[in-house]
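Starting off with a structure, shown below.
Being a predicted model, the structure only gives us computed values, none of them experimental. Letters A, B, ... mirror the listed sequences (proteins, then strands); counts begin at 1.
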Amino acid sequence: MPELPEVEITRRQISPKMVGRTIRSVRTTKPSYFFLTPPRELERRLTGRRVDSLSRHGKYLIAVLDDTSRLFLHLGMTGQLFTASARSVRLLSTTRGGALTPEKQDAFAPDIHTHLALGFEDESEDVLFRDVRKFGKVRWLPGGASDPRLDKLGPDALTVTGPLLFAATRTRKTALKTVLLDQEVIAGVGNIYADEALFRAKIRPSRIARTLTRKESNLLADEIRAVLLRSIETGGSSISDYVQPDGSDGAYQNERRVYARKGEACYVCGTLIKRIVLAARSTHYCPKCQK
DNA sequence: CGTTACACCTGAGGGC
DNA sequence: TGCCCTCAGGTGTAAC
């Protein structure tokens with residue numbers, strides 16, 4: 001579900017709920033591969049720690065704690081962070097309707113898909129991590145420790161440059177889109193924004209990566225940054241189930257030009273948008289606009 | 001080394 | 001209503 005823009009919006013909204021606060025309680029569900037650090041250890045390591053910062057690299061969120069240890073989170077396909085009160089308002093108002101009474105808010109409990117709940121000493125709102133498919137990840141890292149998942153990441157996609165893309169594509173015979181999705185090349189681009197950036201750059205997703213010219217690399221890098229920044233501005237893409245941590249929908253889905261528009265008319269030329277499969281991912285493009 | 005196929009998990013929606 | 005199929009914003013690993 002979430003790509004760089006959705007993760008960045010999550011960071012901006014959750015940061016004020018965590019940073020500067022000390023964790024008093026940690027509640028978890030049973031062990032699963034969602035927990036790279038086992039739940040009981042997580043509870044032990046986090047309790048009593050103050051959160052000093054919350055940053056993002058690609059699709060990862062990284063909290064630095066006051067003992068220099070770190071907590072990293074990945075939202076996977078269906079992960080979402082939110083606070084107890086904001087979410088309770090949304091759930092209750094959408095499932096039952098009507099005005100919220102204090103009783104209804106108190107009655108809210110995270111559902112079975114809420115795998116991590118952090119409570120704070122100042123009794124501010126709990127921060128909750130819900131993830132239906134459990135493709136998300138949470139891991140605690142001791143101070144100074146590294147993690148291969150983080151170490152392998154390429155530069156954040158908001159900083160991508162033409163020369164970097166040009167260099168990264170020289171030895172690759174695979175489809176250009178596959179390279180954009182490779183988090184070791186650039187971190188943060190996923191299926192939606194790969195398709196959207198390629199449309200804006202007028203390049204076919206199936207183009208053999210190594211045939212990209214310097215000029216095209218520059219243009220594509222510009223469009224990647226532009227589409228990500230625009231999506232952040234508009235609150236991200238709420239296509240099937242992504243909502244912002246405050247419960248509101250993003251609006252970038254309304255500015256999509258190709259993603260999930262198979263069979264619809266291209267806004268530029270009217271040609272019908274095609275859907276193909278590349279690297280086992282649904283891929284959308286305009287056969288006329290993208291060469 | 002580069003590339004692809006598949007696995008992980010749950011739920012929604014379409015066809016019958 | 002139920003069953004079966006496909007699809008979904010991601011990524012690690014095995015196998016070619």
Atom CZ of A:Arg210 to atom P of B:dT3: distance rounded to whole Å?
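After rounding, the reported distance stands at 9 Å.
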
Base-pairing mate for B:dC16 - Watson-Crick or G-U, with both contacts under 3.5 Å
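B:dC16 is paired with C:dG2.
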
Does A:Arg149 make a side-chain N or O approach to OP1 or OP2 of C:dG12 shorter than 4.0 Å?
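So the side-chain polar atoms of A:Arg149 do come within 4.0 Å of the phosphate oxygens OP1 or OP2 of C:dG12, strictly under.
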
If you check the A:Lys134 side chain, which of C:dG12, B:dT10, C:dG9 turns out closest?
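Closest nucleotide among those given: B:dT10.
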
Which part of the nucleic acid, if any, lies within contact of A:Ile239, taking any heavy atom under 4.0 Å across all strands shown: a base, the sugar-phosphate backbone alone, or nothing?
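Base contact - A:Ile239 has a heavy atom under 4.0 Å of at least one base atom.
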
Decide salt bridge (charged side-chain N to carboxylate O under 4.0 Å, His left out) for A:Asp156 and A:Arg56; before the verdict, give the C-alpha distance in whole Å, the side-chain angles of both, and the deciding distance to 0.1 Å.
CA-CA 9 Å; A:Asp156 190 79; A:Arg56 180 192 59 72; 2.7 Å; yes

Closest approach to the side chain of A:Met77, judged atom by atom: which nucleotide of B:dT10, C:dT11, C:dA8 is it?
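In terms of side-chain proximity for A:Met77, the closest of B:dT10, C:dT11, C:dA8 is C:dA8.
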
Just by distance, with hydrogens left out, do A:Tyr60 and A:Arg139 show a side-chain donor and acceptor under 3.5 Å apart?
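No, no side-chain donor-acceptor contact under 3.5 Å.
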
Distance check needed: C:dG10 C1' versus A:Asp182 CG, whole Å only.
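For the pair A:Asp182 CG and C:dG10 C1', the rounded distance is 13 Å.
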
Take atom P in C:dC3 and the same atom in B:dC9, then report the distance between them in whole Å.
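So the two P atoms sit 23 Å from each other.
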
Rounded C1' spacing from B:dT3 to C:dG9 in Å
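Pairwise C1' distance, B:dT3 against C:dG9, rounds to 23 Å.
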
Could you check which of B:dT10, C:dG12, B:dT3 has an atom nearest any side-chain atom of A:Lys152?
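My answer, after comparing the listed nucleotides, is C:dG12.
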
Strictly below 4.0 Å: does A:Gln183 bring a side-chain N or O up to OP1 or OP2 of C:dT11?
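For C:dT11, OP1/OP2 do have a side-chain N/O of A:Gln183 under 4.0 Å.
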
Students often get this wrong, so: under 4.0 angstrom with heavy atoms, is A:Tyr60 touching a base, only sugar-phosphate, or nothing?
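Sugar-phosphate, no base atom in range.
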
Let's test this: given Watson-Crick or G-U wobble pairing with both distances under 3.5 Å, identify the partner of B:dC8.
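Its partner is C:dG10 (Watson-Crick or G-U wobble, both distances under 3.5 Å).
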
Candidates C:dA8, C:dT11, B:dG2 - which lies nearest the side chain of A:Arg275
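Selected nucleotide (nearest to the side chain): C:dA8.
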
By nearest nucleotide on DNA chain B, pick out whichever of A:Ala280 and A:Thr174 is the more 5' one.
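The residue whose closest nucleotide sits nearer the 5' end is A:Thr174.
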
Could you tell me the separation between the CD1 atom of A:Ile192 and the P atom of C:dG10, rounded to a whole number of Å?
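These atoms are roughly 7 Å apart.
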
Using atom CD1 of A:Ile112 as one end and atom P of B:dC9 as the other, report the distance to the nearest whole Å.
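Rounded to the whole Å, the gap is 14 Å.
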
Taking CD1 from A:Ile208 and C1' from B:dG2, how many angstroms apart are they, rounded to a whole number?
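About 13 Å, once rounded to whole Å.
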
Side-chain donor-acceptor pair under 3.5 Å between A:Asp195 and A:His284, yes or no?
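On atom types as modelled, these side chains qualify, holding a pair under 3.5 Å.
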
Reckon A:Ser282 touches a base, only the sugar-phosphate, or nothing at all at heavy-atom distances under 4.0 Å?
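Sugar-phosphate contact only - A:Ser282 comes under 4.0 Å of backbone atoms but never of a base.
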
Is A:Tyr33 stacked against the base of B:dC8, taking the criterion as centroid distance under 5.5 angstrom and interplanar angle under 30°?
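Ring-base stacking flag not set for A:Tyr33 and B:dC8.
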
Mind checking if A:Tyr193 touches a base, just sugar-phosphate, or nothing, with heavy atoms under 4.0 Å?
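The answer is nothing, as A:Tyr193 stays clear of every strand by at least 4.0 Å.
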
Rounded to the nearest angstrom, tell me the gap between atom CG in A:Asp131 and atom C1' in C:dA8.
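Answer to the nearest Å: 13 Å.
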
Is there a donor in the side chain of A:Tyr193 and an acceptor in the side chain of A:Ser237, or the other way round, less than 3.5 Å apart?
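Present: a donor and an acceptor within the cut-off.
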
How many Å lie between NZ on A:Lys173 and P on B:dT4, as a whole number?
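To the nearest whole Å, that distance equals 11 Å.
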
With a 4.0 Å cut-off on heavy atoms, is A:Glu6 in touch with a base, just the backbone sugar-phosphate, or nothing at all?
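Nothing, no heavy atom under 4.0 Å.
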
Between A:Ser282 and A:Arg275: side-chain donor-acceptor atoms closer than 3.5 Å
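Result is yes, a qualifying pair exists.
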
Length of the line joining A:Lys177:NZ and C:dG10:P, which is rounded to integer Å
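So the NZ-P distance, A:Lys177 to C:dG10, works out to 9 Å.
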
At 4.0 Å (heavy atoms only), tell me whether A:Lys137 reaches a base, stays on the sugar-phosphate, or touches nothing.
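No contact at all - A:Lys137 keeps every heavy atom at 4.0 Å or more from the nucleic acid.
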
Report the C-alpha separation of A:Asp111 and A:Thr114 in whole Å, then their side-chain angles, then the decisive distance to 0.1 Å, and conclude whether the side chain to side chain donor-acceptor pair (under 3.5 Å) test is met.
CA-CA 6 Å; A:Asp111 69 6; A:Thr114 303; 3.2 Å; yes

Classify the nucleic acid contact of A:Arg281 as base, sugar-phosphate or nothing, counting any heavy atom under 4.0 Å across all strands shown.
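Result for A:Arg281 = base.
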
Any side-chain N or O of A:Arg172 under 4.0 Å from OP1/OP2 of B:dT3?
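For B:dT3, OP1/OP2 do have a side-chain N/O of A:Arg172 under 4.0 Å.
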
When you compare the side chains of A:Glu43 and A:Thr28, does any donor N or O come within less than 3.5 Å of an acceptor on the partner?
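Yes, A:Thr28 and A:Glu43 have a side-chain donor paired with an acceptor closer than 3.5 Å.
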
Establish, with yes or no, whether the OP1 or OP2 oxygen of B:dG11 is under 4.0 angstrom from a side-chain nitrogen or oxygen of A:His113.
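A:His113 to B:dG11 OP1/OP2: side-chain N or O found under 4.0 Å.
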
